[in-house]
There are 2 protein chains.
Amino acid sequence: MGVSKTHIFSISQNELAQAAKVFAHPARIAILEYISRQENCICNDLVDVIGLAQPTISQHLNEIKKIGLLKGTFEGKNLCYCINQERWEELQQSFNAFFSNINQNCCQI
Amino acid sequence: MGVSKTHIFSISQNELAQAAKVFAHPARIAILEYISRQENCICNDLVDVIGLAQPTISQHLNEIKKIGLLKGTFEGKNLCYCINQERWEELQQSFNAFFSNINQNCCQI
DNA sequence: AGGTTTTATCGTAATATTGCAATATAAAAC
DNA sequence: GTTTTATATTGCAATATTACGATAAAACCT
């Protein structure tokens, strides 16, 4: 019935899926890539750069923020979003472990 | 209007997002983990192991298959799904590059 | 051929996601 | 204090995803 049955899966399976969901939209990939290229990220830039409406960008930023990937603070009048380094490396390790632990030779065809 | 504006993003951004989408459900994580543990994967096992209905499992397998992550063949009467090693490593590299290329120090707070 | 087992497809319901216009909020500038 | 600028929230429409019952298809076994 359209509801993800998250309760039947392990915590780590749900967490990895949750993180993957954030990367599962090109706008969020683009936003992360753009932020990483800037010294200071002003959100209004994103609207111009990405090409989506301001509320949509705000929504995407919120998704990224929800899994702890962004730190934000004010500097002058502009909100400055930054990538949370600790969290980023944590996720990098999770994905790397997932990719590395999969045995790719279940049956040789 | 609910349509992903994929055309305004780069091919690599869309491809990474597309791959992430496959990992964005705990059932598919669980399926991949289970397949990797088996010598031979019989789909009916998955229904018991994962705890979702057979059509749902079939649907999830199809999502995984669509990005080329599965090779399947028949052995006796049972379909044997295997992880496509080349594709797996390709995706591993894509994710690794994405994680590594992000500069995490856009502004120090 | 007829029955059994396994997987795929169809149809449909519930929920989630994506996107934006309109509006609200908050801080800076004047 | 009002205007400007930047971001967040609300409300809603379009589409996508998740899930499963019913059914079909394919292969095996008598």
Side-chain angles (χ1 to χ4, degrees), chain A residues 1-9 13-14 17-31 34-35 38 40-67 70-82, chain B residues 1-9 13-14 17-31 34-35 38 40-67 70-82:
Chain A
M1 292 135 193
V3 196
S4 271
K5 291 189 162 179
T6 52
H7 61 283
I8 67 176
F9 303 106
Q13 285 166 345
N14 275 304
Q18 207 62 35
K21 206 175 271 188
V22 173
F23 302 126
H25 195 292
R28 292 191 286 267
I29 302 281
I31 287 171
Y34 182 74
I35 294 177
Q38 305 311 115
N40 298 302
C41 169
I42 295 110
C43 187
N44 196 244
D45 284 3
L46 283 173
V47 177
D48 301 333
V49 171
I50 307 288
L52 293 170
Q54 181 268 321
T56 309
I57 296 289
S58 183
Q59 232 171 183
H60 281 305
L61 277 170
N62 213 258
E63 293 299 312
I64 301 172
K65 218 186 292 179
K66 273 199 302 196
I67 55 157
L70 290 182
K71 297 191 291 193
T73 195
F74 285 94
E75 121 170 345
K77 78 178 154 193
N78 298 321
L79 186 49
C80 174
Y81 285 101
C82 305
Chain B
M1 294 137 188
V3 197
S4 272
K5 291 191 161 180
T6 52
H7 62 282
I8 68 176
F9 303 106
Q13 286 166 345
N14 275 304
Q18 206 63 36
K21 206 175 272 189
V22 173
F23 302 126
H25 195 291
R28 292 193 286 266
I29 303 281
I31 287 172
Y34 182 74
I35 294 178
Q38 304 311 113
N40 298 302
C41 167
I42 296 109
C43 187
N44 196 244
D45 284 4
L46 283 172
V47 177
D48 302 333
V49 172
I50 307 289
L52 293 171
Q54 180 268 322
T56 310
I57 296 290
S58 184
Q59 232 173 182
H60 280 306
L61 277 170
N62 213 259
E63 293 300 311
I64 302 172
K65 218 186 291 179
K66 272 200 300 194
I67 54 156
L70 291 182
K71 297 190 291 191
T73 193
F74 285 94
E75 123 168 344
K77 78 179 154 193
N78 297 322
L79 185 50
C80 173
Y81 284 102
C82 305

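- Contact detail for B/A24 and A/A24: the closest heavy-atom pair is CB-CB, 4.4 Å.
- Rounded to the nearest 0.5 angstrom, B/I64 CD1 and B/H25 NE2 are separated by 10.5 Å.
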N/O donor-acceptor pairs under 3.5 Å from side chains in residues 51-63 of chain A, not counting sequence neighbours:
| unit_1 | atom_1 | unit_2 | atom_2 | d |
| --- | --- | --- | --- | --- |
| A/H60 | ND1 | A/R28 | NH1 | 3.0 |
| A/E63 | OE2 | A/K66 | NZ | 3.4 |

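- The nearest whole Å value for the distance from the CZ atom in B/F23 to the P atom in D/dT17 is 16 Å.
- For C/dG19, one of the phosphate oxygens OP1 or OP2 lies less than 4.0 angstrom from a side-chain nitrogen or oxygen of A/H60.
- Distance CD (B/Q18) to P (C/dT18): 12 Å, rounded to an integer number of Å.
- For A/H25 and D/dT15, the NE2 to P distance is 15 Å, given to the nearest whole Å.
- Both distances falling under 3.5 Å, in either a Watson-Crick or a G-U wobble arrangement, place D/dT18 opposite C/dA13.
- A distance of 7.0 Å separates CD of A/Q13 from CD1 of B/I50, quoted to the nearest 0.5 Å.
- Between the CD1 atom of B/I64 and the P atom of C/dA8 there is a distance of 12 Å, rounded to whole Å.
- The side chain of B/K65 contributes no N or O atom lying less than 4.0 Å from OP1 or OP2 of C/dT7.
- Rounded to a whole Å, the CG atom of B/D48 is 14 Å from the P atom of C/dT5.
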Detail all sub-3.5 Å separations between protein N/O atoms and N/O atoms belonging to nucleotides 9-12 of chain C.
none

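- Look at NZ on A/K66: it is 14 Å from P on D/dA8, rounded to the nearest Å.
- Put simply, CG on A/L61 is 15 Å from P on D/dA6, counting in whole angstrom units.
- Here the shortest heavy-atom pairing between B/I29 and B/F23 reads CD1-O, 3.4 Å.
- In this structure, A/N14 CG and A/I8 CD1 are separated by 9.5 Å, a value rounded to the nearest 0.5 Å.
- Considering only side-chain N and O atoms, A/K21 lies nowhere under 4.0 angstrom from the phosphate OP1 or OP2 of D/dT17.
- Rounding to whole angstrom units, CG of residue B/L46 and P of D/dA19 are separated by 14 Å.
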